[in-house]
Protein chains: 2
Amino acid sequence: MDSFETSRFSFHPSGDLPRADAQDRRLNQNLPPPALCPAGTEIYAQGEVCNSLYRVEFGGVRIYRLLSDGRRQISAFQLAGETFGFEADSTHHFFAETICASGIRMLQSKSAHDDLTIDFLPMALRSLLHAQEHLLVLGRQNSIERVAAFLLEMSERQGGLRQVELPMSRLDIADYLGLTIETVSRVFSKLKHRGVIRLPSLRSVEIVRWQTLQNMAS
Amino acid sequence: MDSFETSRFSFHPSGDLPRADAQDRRLNQNLPPPALCPAGTEIYAQGEVCNSLYRVEFGGVRIYRLLSDGRRQISAFQLAGETFGFEADSTHHFFAETICASGIRMLQSKSAHDDLTIDFLPMALRSLLHAQEHLLVLGRQNSIERVAAFLLEMSERQGGLRQVELPMSRLDIADYLGLTIETVSRVFSKLKHRGVIRLPSLRSVEIVRWQTLQNMAS
DNA sequence: CGAAAAATTGATGGGCGTCAAGTCAAGTGG
DNA sequence: CCACTTGACTTGACGCCCATCAATTTTTCG
């Protein structure tokens with residue numbers, strides 16, 4: 001838990017978007033422009049009042065909690081096309097930050113609250129399913145199984161391709177899988193040496209032996 | 001992962017309910033009587049089509065998943081008054097079984113699907129919050145912190161009393177906390193010897209030093 | 001009471017965290 | 001272009017927490 005980047009989400013970051021603020025505000029009452037956020041931008045914090053939902057236009061977001069001593073658990077990554085930010089009450093119970101340069105669009109919920117309520121039930125249920133499935137990973141799987149499951153999940157969310165892009169750092173992966181950065185790195189190396197994956201670059205993985213990886217994920 | 005009890009949920013278990021079946025069926029089209037289920041009764045299984053929701057009238061239910069080798073992770077306990085069984089699609093993705101003698105009421109969803117949809121969004125969101133909070137426990141807390149958090153959660157769900165009833169076995173607790181039954185037992189003993197809790201019986205706990213337990217849960 | 005199940009307690013070992021050093025890639029300034 | 005810095009990642013050594021295996025005790029229930 002070293003240093004985190006700490007810029008702050010702002011709806012119209014100066015210089016990031018075309019300069020047409022007044023016009024945008026009028027025209028896009030229902031479709032505001034996305035904000036361009038560098039890596040580590042805080043979208044919202046635990047304890048804040050939530051008055052909007054958010055959609056990832058491109059890039060990715062980590063949803064996480066902290067313990068008082070700094071231990072961090074990422075409960076989910078939200079990738080391009082996904083909506084996040086719904087809560088059980090009017091308060092955010094988690095932190096949300098970009099994991100890389102991202103486009104984040106605010107969705108207003110005040111005026112169209114009921115519409116959103118209906119639309120977002122399926123999303124909430126899928127989030128619930130994902131969280132519950134992740135409980136099995138964190139509660140019962142060892143480090144190799146966790147990393148294998150993670151790679152397969154990322155591949156599946158990118159269309160099931162052998163070439164997987166990892167928009168997040170090793171530390172993010174570790175905090176998602178309930179491991180340390182060192183253990184994640186060791187497992188990556190082990191999978192590479194066994195010929196299960198290749199690592200063309202730090203943040204891209206090629207799955208060479210798909211079935212083997214499947215078996216590893218249990 | 002030894003032997004589990006395996007009776008099967010049936011809507012009108014003979015001998016468990018007052019004999020007025022025909023009348024009940026007519027009168028309770030919208031309010032069917034609860035089925036009385038002994039411990040270990042399967043309510044539904046992973047992969048089954050889901051055509052109903054369920055409410056716990058008394059007792060409790062475990063929601064869980066299995067790995068192919070038998071490792072089990074309980075994602076939630078549902079206690080008296082709580083509703084469970086909603087899924088992201090028409091299939092159950094988990095198992096549900098009673099953890100003790102319980103009364104389970106089926107809620108029909110076919111005819112009143114939209115009503116339920118609206119009513120159950122808050123429930124789904126609270127389930128989501130609970131699952132995400134549990135991810136922090138499983139991903140980042142040690143055995144003492146897990147047990148402490150569990151005892152406080154059970155107390156809170158029973159009105160915040162010092163006297164807590166545990167309707168589930170040690171194995172269930174272990175599979176909820178991602179530990180072994182032996183570790184759970186050892187932590188219970190340690191808390192007892194430190195004077196943090198008392199164990200009047202196997203399935204009841206008295207929290208003696210509340211603040212200490214709070215601190216332990218981090 | 002007697003048998004079976006559940007829970008506790010002990011001994012031991014391994015997996016993963018911790019600490020530390022080394023490697024690599026990207027960026028900066030002379 | 002190259003020395004230097006910086007941050008991210010990798011690799012190694014070591015130790016601890018918790019799983020595993022095993023024996024015993026306690027509880028439950030016929």
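Residue numbers begin at 1 in each chain, while the letters A, B, ... track the order of the sequences.
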- request: Report the residue (Asn142(B) or His193(A)) whose heavy-atom-nearest nucleotide on DNA chain D is the more 5′ of the two.
  value: His193(A)

task: Over 60° means perpendicular and under 30° means parallel, so classify the ring planes of Phe95(B) and Tyr64(B), tilted if in between.
output: parallel

- prompt: Has Thr183(B) got a side-chain N or O lying under 4.0 Å from the OP1 or OP2 atom of dA19(D)?
  reply: yes

query: Across the strands shown, which category fits Ser201(B) at heavy-atom distances under 4.0 angstrom: base, sugar-phosphate, nothing?
result: nothing

Arg186(B) CZ to dT12(C) P, straight-line distance once rounded to whole Å: 13 Å

Atom-to-atom span, CD1 of Ile173(B) to C1' of dT8(C) - whole angstrom: 14 Å

- prompt: What integer distance in Å separates Glu182(B):CD from dA11(C):P?
  reply: 15 Å

statement: Here the distance between atom P of dC9(D) and atom CG of Leu171(A), to the nearest Å, is 8 Å

task: Measure the distance from CD1 on Ile144(A) to C1' on dG14(C) and round it to the nearest whole Å.
output: 13 Å

Nearest-angstrom distance from the residue atom CD of Gln141(B) to P of dC16(C): 19 Å

- prompt: Between Ser185(B) and dA7(C), is there a side-chain N or O to OP1/OP2 distance below 4.0 Å?
  reply: no

message: Counting the atoms with a prime plus P, OP1 and OP2 as sugar-phosphate, which does Ser189(B) contact under 4.0 Å by heavy atoms, base, sugar-phosphate, or nothing?
response: sugar-phosphate

- prompt: How would you label the contact of Thr180(B) with the nucleic acid (heavy atoms, under 4.0 Å): base, sugar-phosphate, or nothing?
  reply: base

- line: Taken to the nearest whole Å, CD/Glu145(A) to C1'/dG15(C) is 12 Å

message: Do His92(B) and Glu87(B) pair up side chain to side chain, a donor and an acceptor below 3.5 Å, judged on atom types alone?
response: yes

- request: For Arg203(B) and for Val184(A), locate the closest nucleotide of DNA chain C by heavy-atom distance; then report the residue assigned to the nucleotide nearer the 5' terminus.
  value: Arg203(B)

- prompt: With under 30° as parallel and over 60° as perpendicular, where do the rings of Tyr44(A) and Phe84(A) fit, or are they tilted in between?
  reply: tilted

query: Just by distance, with hydrogens left out, do His93(A) and Glu133(B) show a side-chain donor and acceptor under 3.5 Å apart?
result: no

query: What orientation do Tyr176(A) and Phe77(A) show, parallel under 30°, tilted 30 to 60°, or perpendicular over 60°?
result: tilted

task: Take the protein atom CD1 of Ile181(A) and the nucleotide atom C1' of dG7(D), then report the distance between them rounded to whole Å.
output: 11 Å

